K.L.:
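Quick one: structure below, then a few questions.
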Amino acid sequence: MNPDAVPTPSDFIRDIVAADAQAGKYSQIVTRFPPEPNGYLHIGHAKSICLNFGIAREFGGVCNLRMDDTNPTKEEVEYVESILEDVKWLIAGWADDRIGLKRKGQTPDRVVRDGHPDFHLGAVPRNLLSATEVEPFYASDYFAQLYEYALELIRRGRAYVCDLSPGDTDAYRGAPDRAGQDSPFRNRTVAENLDLFQRMKAGEFPDGTRTLRARIDMASPNVWMRDPVLYRIRHAEHHHTGDAWCIYPMYDFAHCLSDYIEGITHSICTLEFEVHRPLYDWILEALDLPRPLPHQFEFARLNLSYTVMSKRKLLQLVSEGRVKGWDDPRMPTISGLRRRGVTATALRRFAYNIGVTKYNGVTDVAVLEHAIREELNREAERRLGVLRPLKVVLTNYPEGKVETVDAVNNPENPSAGRRPVPFGRELYIEREDFMEAPPPKFFRLRPGGEVRLKYAYIVRCDEAVKDASGNIVELRCTADLESKSGGAHADRKVKGTIHWVSAAEAVEAEVRLYDRLFTVAQPDSGGEGVDFKTFLNPRSLETVRARVEPSLAEADMGGRYQFERLGYFCLDPDSRRGQLVFNRIIPLKDSWAKEARK
RNA sequence: UGCCGAGUGGUGUAACGGUAGCACAGCAGACUCUGGAUCUGUUUGUCAUGGUUCGAAUCCAUGCUCGGCAGCCA
């Protein structure tokens with residue numbers, strides 16, 4: 001089954017888009033995904049990507065990828081590149097024909113309507129240009145146009161240059177339940193504002209000495225309407241525009257106008273921007289723009305149990321070395337999940353399953369895990385691998401004899417075929433599949449007990465050999481030579497079946513076993529002054545030397561395998577020729593673990 | 001204590017005045033050469049109180065609870 005063959009999603013935002021499309025409000029639906037390149041994308045962004053690109057594909061529209069890069073001091077090209085890669089990976093084969101990009105280096109076209117400036121820059125039609133000729137949109141590509149819009153706002157008496165210091169600006173703003181006070185610079189003349197703003201741009205003033213502010217209402221119950229800052233002075237190098245500018249627009253000013261310039265119809269963001277919506281609309285309306293205005297809609301961001309989602313916290317984990325990098329397989333980043341082996345289709349299915357609402361809840365990470373297993377169970381070929389090897393000698397099996405057993409590649413998909421696996425006198429089995437004094441309902445090997453070796457023989461354990469300190473180092477067993485799988489007398493039933501590898505033929509591999517990064521469901525709700533890192537799981541990564549069946553020596557990067565009875569695994573990029581490194585994507589559900597806890 | 005928003009089983013989400021459903025999780029069982037998968041059954045819910053209505057999760061009122069907002073961050 002195609003994992004994307006799910007019913008068309010429905011939610012309150014799609015309802016709005018559908019109604020707008022129905023009413024013929026727009027010639028085309030245009031959404032946008034606007035990350036700030038100040039960190040790596042995480043699974044919360046994946047939710048947003050699935051929403052925005054999903055709407056684009058369902059309504060025959062486009063979703064522009066835009067870098068929201070208006071703050072030079074926090075943004076870097078490394079982040080731009082990772083964002084591009086992550087988005088492309090996540091939408092590949094699904095909505096990659098809907099991504100809105102622009103010609104490299106292109107900036108908005110200038111149109112003058114009724115003497116007022118207007119700018120437009122739409123996405124380049126697909127297949128018109130090759131991948132090397134296009135790039136994402138950048139808010140910073142609109143700095144010149146935004147500057148013109150700012151001048152227009154000043155001319156209309158809707159913006160002014162304010163000389164208040166940052167501290168005074170705060171003080172004048174008042175509090176949520178206390179009106180603010182007008183800035184003493186609020187009533188400067190248009191000419192003076194124009195002059196000052198141009199000089200701000202020219203670099204005449206140091207950082208923090210002046211701002212451009214919207215002239216709205218210092219007594220507004222919505223603090224974002226209390227003459228919000230539109231431009232600040234920052235003599236800083238910008239990753240995309242270099243040193244061309246020393247004034248930079250604020251989010252609220254840049255975002256709505258970027259949306260407008262690109263012809264966005266539905267600007268979908270998260271709940272915390274709800275209080276900014278009046279400002280979003282105010283700016284666009286104050287400019288009296290000639291084309292249809294974009295509208296902002298808000299949905300609840302994703303919160304996942306047992307992890308953290310804020311870029312600030314993820315950055316902290318990276319910079320403090322708590323994880324190996326942004327793409328550490330334990331990270332909820334898209335690159336981390338990708339390296340871990342999680343597929344894009346699983347992420348999309350997850351996004352579909354959780355839905356879109358305005359309720360700010362916490363999604364159980366089990367929902368994600370289920371989406372991952374569901375696909376992998378269907379798709380992944382099975383292999384035999386032993387994570388913690390315990391040697392087994394079949395005392396009645398001829399020395400030096402090697403036979404091959406016939407193993408099923410994927411019981412969920414017969415067309416995946418079968419493969420030969422070597423079998424011999426000396427084997428490794430999983431240490432935890434043997435217990436000297438097992439509890440009830442332990443269906444694996446025990447002294448005197450029998451177990452089926454998957455695809456091979458039923459064996460009985462005769463003796464557990466121990467070293468001087470009492471550790472079990474080897475099991476001596478006898479095989480029922482009549483019981484070989486597929487053989488004439490194979491139908492004898494035993495309660496347990498375990499996996500194994502042939503000692504002589506198995507290859508060694510490093511296997512990285514990942515567990516949740518945090519020990520508590522909500523690490524960032526620890527209460528006052530409790531650092532989320534307190535709850536870091538010290539055992540989130542365990543590395544073992546495993547033995548895996550020889551066919552895995554040819555495992556390919558990007559391949560995903562189920563090691564039978566254990567979980568799903570994929571090759572890590574750290575692998576070298578002859579040095580396999582596997583990541584455990586996710587373990588199989590383990591109902592024995594549950595039983596054992598009782 | 002100003003403004004904005006949200007409350008449906010353990011979690012997430014449907015039902016748009018007409019049988020409260022789905023998914024995940026849980027539990028019980030069947031089946032199984034993966035204690036996987038699959039199948040069957042099943043526990044648990046409309047924040048509260050009033051009102052409108054033949055009928056309310058849905059409409060109205062009041063209250064309660066939770067989240068967001070006072071960056072020259074986004």
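In what follows, every chain begins at residue 1, and chains take the letters A, B, ... in the order their sequences are listed. All figures in this text were calculated on a predicted structure; none of them were measured in a lab.
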K.L.:
Please enumerate all residues that pass side chain to side chain donor-acceptor pair (under 3.5 Å) together with R234(A), with sequence neighbours excluded.
P.N.:
none

K.L.:
Check the distance between G12(B)'s P and L368(A)'s CG and give it to me in whole angstrom.
P.N.:
15 Å

K.L.:
Using atom P in both nucleotides, what's the gap between C39(B) and A20(B) to the nearest angstrom?
P.N.:
27 Å

K.L.:
Using atom C1' of each nucleotide, how far apart are G10(B) and G51(B) to the nearest Å?
P.N.:
33 Å

K.L.:
Could you tell me how far apart N413(A) (CG) and G36(B) (P) are, to the nearest whole angstrom?
P.N.:
21 Å

K.L.:
Under 4.0 Å, counting only non-hydrogen atoms across every strand here, what does L164(A) touch: a base, just sugar-phosphate, or nothing?
P.N.:
base

K.L.:
Taking the same atom, C1', in G21(B) and in C64(B), what whole-Å distance lies between them?
P.N.:
28 Å

K.L.:
Let me know the distance between CG of N410(A) and C1' of U32(B), rounded to the nearest Å.
P.N.:
16 Å

K.L.:
Determine the contact category for G208(A): base if any of its heavy atoms lies under 4.0 Å from a base atom, sugar-phosphate if only primed atoms, P, OP1 or OP2 are that close, otherwise nothing.
P.N.:
base

K.L.:
Looking only at side-chain N and O atoms, does S591(A) come under 4.0 Å of OP1 or OP2 in G36(B)?
P.N.:
yes

K.L.:
Is there a donor-acceptor contact under 3.5 Å linking the side chains of E298(A) and Q296(A)?
P.N.:
yes

K.L.:
Taking atom P in both G17(B) and C60(B), compute the distance separating them and give it to the nearest angstrom.
P.N.:
12 Å

K.L.:
By nearest atom, which of the nucleotides A74(B), U34(B), C69(B) is closest to the E564(A) side chain?
P.N.:
U34(B)

K.L.:
When rounded to the nearest Å, what value does the distance between C1' atoms of U58(B) and A25(B) take?
P.N.:
28 Å

K.L.:
When all nucleic acid strands are considered with a 4.0 Å heavy-atom cut-off, which category describes L588(A): base, sugar-phosphate, or nothing?
P.N.:
base

K.L.:
Could you go through nucleotides 18-27 of chain B and list every protein N or O atom that sits under 3.5 Å from one of its N or O atoms, giving the distance for each pair?
P.N.:
{"residue": "C24(B)", "atom": "OP1", "partner": "H370(A)", "partner atom": "NE2", "Å": "3.1"}
{"residue": "G26(B)", "atom": "OP1", "partner": "K594(A)", "partner atom": "NZ", "Å": "2.9"}

K.L.:
Taking the basic N atoms (NZ, or NE/NH1/NH2) and the acidic carboxylate oxygens, is any pair closer than 4.0 Å for E262(A) and R32(A)?
P.N.:
no

K.L.:
Begin from the C-alpha positions of W500(A) and V451(A) and carry the test side chain to side chain contact (heavy atoms under 4.5 Å, CB included) through to its verdict.
P.N.:
CA-CA 12 Å; W500(A) 52 271; V451(A) 76; over 6 Å; no

K.L.:
Between R234(A) and C73(B), is there a contact of a side-chain N or O with OP1 or OP2 at under 4.0 Å?
P.N.:
yes

K.L.:
Exactly one of Y428(A), Y455(A), Y457(A) should register a ring-ring contact (aromatic ring centres under 6.0 Å, His included) with F423(A). Which one does?
P.N.:
Y457(A)

K.L.:
With a non-hydrogen cut-off below 4.0 angstrom, is D170(A) in contact with a base, only sugar-phosphate, or nothing?
P.N.:
sugar-phosphate

K.L.:
Under 4.0 Å, counting only non-hydrogen atoms across every strand here, what does F442(A) touch: a base, just sugar-phosphate, or nothing?
P.N.:
base

K.L.:
Assign T169(A) to base, sugar-phosphate, or nothing according to its heavy-atom contacts below 4.0 angstrom with the strands shown.
P.N.:
base

K.L.:
Check the pair R383(A) / N409(A) against side chain to side chain contact (heavy atoms under 4.5 Å, CB included), numbers first and verdict last.
P.N.:
CA-CA 7 Å; R383(A) 293 291 184 268; N409(A) 281 333; 3.3 Å; yes

K.L.:
Using a cut-off of 4.0 Å on non-hydrogen atoms, how would the nucleic acid contact of E36(A) be classed: base, sugar-phosphate, or nothing?
P.N.:
sugar-phosphate

K.L.:
Return the orientation label for the F569(A) and F582(A) ring planes: parallel under 30°, perpendicular over 60°, tilted otherwise.
P.N.:
perpendicular

K.L.:
For residues H255(A) and F273(A), establish whether the separation of their ring centroids is below 6.0 Å.
P.N.:
no

K.L.:
Any non-hydrogen side-chain atom of E430(A) less than 4.5 Å from a side-chain atom of L566(A)?
P.N.:
yes

K.L.:
Within less than 4.0 Å of OP1 or OP2 of G36(B), is there a side-chain N or O belonging to R378(A)?
P.N.:
no

K.L.:
Would you indicate what H276(A) reaches in the nucleic acid, counting non-hydrogen atoms under 4.0 angstrom: base, sugar-phosphate, or nothing?
P.N.:
base

K.L.:
Does G35(B) have F443(A) stacked on its base, where the ring centres are within less than 5.5 Å and the planes differ by under 30°?
P.N.:
yes

K.L.:
Check the chi torsion on G50(B) and let me know: syn if it falls within 90° of 0, anti if not.
P.N.:
anti

K.L.:
Has T70(A) got a side-chain N or O lying under 4.0 Å from the OP1 or OP2 atom of A74(B)?
P.N.:
yes

K.L.:
Which nucleotide in the set A74(B), C72(B), G12(B) lies at the smallest distance from any side-chain heavy atom of I354(A)?
P.N.:
G12(B)

K.L.:
Wobble G-U and Watson-Crick pairs count when both distances are under 3.5 Å; given that, what is the 5' to 3' dot-bracket string of RNA chain B, with | for pairing to other strands?
P.N.:
.((((((..((((....[..)))).(((((.......)))))....(((((..]....))))))))))).....

K.L.:
With a cut-off of less than 4.0 Å, is there a side-chain N or O of R226(A) near OP1 or OP2 of C3(B)?
P.N.:
no

K.L.:
Would E369(A) and R516(A) count as a salt bridge (Lys or Arg N to Asp or Glu O under 4.0 Å) here? Give the steps.
P.N.:
CA-CA 11 Å; E369(A) 296 173 340; R516(A) 31 192 65 153; 3.5 Å; yes

K.L.:
Any donor-acceptor pair under 3.5 Å between the side chain of E412(A) and the base of U38(B)?
P.N.:
no

K.L.:
May I ask you to check whether Y160(A) and F185(A) place their ring centers less than 6.0 Å from one another?
P.N.:
no

K.L.:
Counting heavy atoms from C-beta on, name the nucleotide in C3(B), A74(B), G35(B) closest to the side chain of M250(A).
P.N.:
A74(B)

K.L.:
Under 4.0 angstrom, heavy atoms only, what part of the nucleic acid is Y455(A) near: base, sugar-phosphate, or nothing?
P.N.:
base

K.L.:
Can you check the D259(A) CG to A74(B) P distance for me, whole Å?
P.N.:
14 Å

K.L.:
Given C73(B), C72(B), A74(B), which nucleotide is nearest the side-chain atoms of E272(A)?
P.N.:
A74(B)

K.L.:
Specify the residue among V494(A) and F273(A) whose closest nucleotide of RNA chain B lies further upstream toward the 5′ end.
P.N.:
V494(A)

K.L.:
Taking any heavy-atom pair under 4.0 Å as a contact, classify R444(A): base, sugar-phosphate, or nothing.
P.N.:
base

K.L.:
When the P atoms of G41(B) and U62(B) are considered, how many whole Å apart are they?
P.N.:
46 Å

K.L.:
Can you tell me, in whole Å, how much space there is between the P of A14(B) and that of A6(B)?
P.N.:
13 Å

K.L.:
State whether a side-chain donor-acceptor pair under 3.5 Å links S82(A) with D86(A).
P.N.:
no

K.L.:
Would you mind reading off the distance between K493(A) atom NZ and U32(B) atom P, rounded to a whole angstrom?
P.N.:
6 Å

K.L.:
Suppose you measure atom C1' in U32(B) against the same atom in A37(B); what distance do you get, rounded to whole Å?
P.N.:
9 Å

K.L.:
Can you tell me which nucleotide in C3(B), G12(B), A74(B) comes closest to the side chain of T363(A)?
P.N.:
G12(B)

K.L.:
State yes or no: are the ring centers of Y280(A) and H276(A) separated by less than 6.0 Å?
P.N.:
no

K.L.:
Heavy atoms only, 4.0 Å cut-off, all strands: where does G39(A) land among base, sugar-phosphate and nothing?
P.N.:
nothing

K.L.:
For G71(B), does either OP1 or OP2 sit under 4.0 Å from a side-chain N or O belonging to R173(A)?
P.N.:
yes

K.L.:
Can you tell which of G7(B), C4(B), A70(B) lies closest to the side chain of Y359(A)?
P.N.:
G7(B)

K.L.:
Identify, between Y568(A) and T357(A), the residue whose nearest nucleotide on RNA chain B lies closer to the 5' end.
P.N.:
T357(A)

K.L.:
When we call it a touch if two heavy atoms are under 4.0 Å apart, what does P278(A) touch: a base, just sugar-phosphate, or nothing?
P.N.:
nothing

K.L.:
Would you call E375(A) and R560(A) a salt bridge, using N to O less than 4.0 angstrom?
P.N.:
no

